[in-house]
J.: 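Here it is, the structure in full.
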Amino acid sequence: MRADKRYSVSVTYRMPDGTKRRRYFYGKTQREAREKLDKFKHDVLNGLNMEMYEATFESYAKRWLNLREPHAAESSAYVNTLKAYAMYIKVACELIGGKRVRDVTLSDIQLVLNKFEGKSKSCITKAVSVLKGIFETAIGDRIITFNPMDNAVAPKGTIGTHRMLDESEVARVRDMHADASLHLGAMLM
């Protein structure tokens with residue numbers, strides 16, 4: 001037992017590059033510490049990526065976003081797409097950013113999706129797509145074995161009311177802004 005009244009067990013293992021690492025597991029009881037060690041061994045045997053074993057959702061989501069930045073050079077429109085992705089990630093990080101990717105549950109995801117209640121259907125669809133993409137990439141990186149997004153229920157979202165201006169509305173805009181310096185911008189809108 002340690003001075004802080006917790007039990008500790010450890011294991012030494014080799015990384016793919018051959019370096020040795022030691023990992024400690026703590027618990028209020030010796031059994032709890034041992035169970036954490038056994039879970040770790042199980043994850044190692046199942047091929048999970050030990051280099052990213054402790055990655056938080058926030059750090060991994062930022063990494064995921066950074067991997068998409070080279071595409072921004074190909075298209076200026078993609079810069080806005082990345083800004084939208086960053087906004088969806090920020091909302092998720094406010095709730096689950098500090099959790100390890102491998103510890104994120106369906107309930108955590110549901111809390112995140114509930115934050116988008118009242119947003120447009122398009123916004124919600126994009127948020128779901130970004131979150132699914134992050135966790136699918138985490139599966140590919142062997143951090144997790146399943147996607148916690150799989151059974152999440154997204155809010156329905158509102159449907160937009162975009163419409164073209166009718167002729168009388170166009171005439172009012174034209175008359176009101178005929179002398180204004182922003183006339184061209186108003187007409188383009």
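Because the structure is a prediction, the values reported are computed rather than measured.
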J.: Is it the case that one hydrophobic cluster holds both Ile96 and Met87, taking links as side-chain heavy atoms less than 4.5 Å apart, direct or via other members?
T.: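 The answer is yes; both residues are in one hydrophobic cluster.
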J.: Apply side chain to side chain donor-acceptor pair (under 3.5 Å) to Ser10 and Arg22, showing your working.
T.: CA-CA 7 Å; Ser10 68; Arg22 177 172 288 279; 2.5 Å; yes
J.: Tell me if a side-chain donor or acceptor on Lys36 pairs with a main-chain N or O of Tyr26 at a distance below 3.5 Å.
T.: yes
J.: I want to check something: taking the side chain as every heavy atom from C-beta on, are Phe57 and Asp103 in contact at a cut-off of under 4.5 Å?
T.: no
J.: Can you sort out the partners of Glu35 under salt bridge (Lys or Arg N to Asp or Glu O under 4.0 Å), two or more places apart, ordered by chain and number?
T.: Arg31
J.: Quick one: which residue pairs count as a ring pair (Phe, Tyr, Trp, His ring centres under 6.0 Å) with a foot in residues 90-112, not counting sequence neighbours?
T.: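 Every candidate ring pair (Phe, Tyr, Trp, His ring centres under 6.0 Å) pair involving residues 90-112 fails, so no pair, neighbours aside, qualifies.
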J.: Does Ile134 share a hydrophobic cluster with Leu65, counting links as ILVMFWY side-chain heavy atoms below 4.5 Å and allowing steps through other members?
T.: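 Ile134 and Leu65: one cluster.
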J.: Any side-chain heavy-atom pair from Ile139 and Thr145 closer than 4.5 angstrom?
T.: no
J.: Compute the ring centroids of Tyr24 and Phe40, then answer whether they are less than 6.0 Å apart.
T.: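 Here the rings of Phe40 and Tyr24 have centres that are no less than 6.0 Å from each other.
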J.: Verify the cluster assignment for Leu106 and Val101: are they in a single hydrophobic cluster under the rule of side-chain heavy atoms below 4.5 Å apart?
T.: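 Looking at the clustering, Val101 is in a separate group from Leu106.
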J.: Search all heavy atoms of Leu95 against all heavy atoms of Val112 and return the closest pair with its distance.
T.: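 Scanning both residues, the minimum pair turns out to be CD1-CA, 3.7 Å.
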J.: With sequence neighbours left out, which residue pairs that include part of residues 117-139 fulfil the salt bridge (Lys or Arg N to Asp or Glu O under 4.0 Å) condition?
T.: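 Listed by first then second residue: nothing to list.
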J.: Could you give me the CA-CA distance, side-chain angles and deciding distance for Tyr60 and Phe135, then say whether ring-ring contact (aromatic ring centres under 6.0 Å, His included) is met?
T.: CA-CA 9 Å; Tyr60 190 75; Phe135 288 107; 8.3 Å; no
J.: Evaluate the salt bridge (charged side-chain N to carboxylate O under 4.0 Å, His left out) criterion for residues Arg100 and Glu58: first the C-alpha distance (whole Å), next the side-chain angles of each, then the deciding distance (0.1 Å), finally the verdict.
T.: CA-CA 9 Å; Arg100 293 180 295 199; Glu58 184 170 11; over 6 Å; no
J.: Take a 6.0 Å sphere around CZ of Arg21 and say whether it holds more than 12 heavy atoms from other residues, nucleotides or ligands.
T.: no
J.: Would you say that Ser8 contacts Phe25 through its side chain, given a criterion of any heavy-atom pair below 4.5 Å between the two side chains?
T.: no
J.: Among residues two or more places apart or on two chains, list those pairs meeting side chain to side chain donor-acceptor pair (under 3.5 Å) that have a residue in residues 80-99.
T.: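 Listed by first then second residue: Lys99-Asp108.
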J.: Listed by chain and number, what are the salt bridge (Lys or Arg N to Asp or Glu O under 4.0 Å) partners of Arg34, not counting sequence neighbours?
T.: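 Salt bridge (Lys or Arg N to Asp or Glu O under 4.0 Å) check on Arg34 returns nothing, list empty.
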J.: Can you find a side-chain donor-acceptor pair between Thr125 and Ser122 that sits under 3.5 Å?
T.: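 Note: Thr125 and Ser122 side chains miss the donor-acceptor criterion.
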J.: Please report the shortest heavy-atom distance between Leu82 and Arg68, naming the atom on each side.
T.: CD2-CB, 3.7 Å
J.: Would you say CD of Glu54 has more than 12 non-hydrogen atoms from neighbouring residues, nucleotides or ligands within 6.0 angstrom?
T.: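 Enclosed: over 12 neighbouring heavy atoms sit under 6.0 Å from CD of Glu54.
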J.: I want to check something: taking the side chain as every heavy atom from C-beta on, are Ile89 and Leu131 in contact at a cut-off of under 4.5 Å?
T.: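 SC-SC contact between Ile89 and Leu131 ruled out.
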J.: Would a single hydrophobic cluster contain both Tyr7 and Leu37, if residues Ile, Leu, Val, Met, Phe, Trp and Tyr are joined by side-chain heavy-atom contacts under 4.5 Å?
T.: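 No, because Leu37 and Tyr7 fall into different hydrophobic clusters, even though each may have its own neighbours under 4.5 Å.
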J.: Under 3.5 Å, side chain of Asn147 to main-chain N/O of Met149, donor-acceptor pair present?
T.: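 It does hold such a pair.
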J.: Please identify each residue that fulfils side chain to side chain donor-acceptor pair (under 3.5 Å) with Arg6, with sequence neighbours left out.
T.: Asp4
J.: Of all heavy-atom pairs between Gly118 and Thr158, which one has the smallest distance, and what is that distance?
T.: O-CG2, 4.0 Å
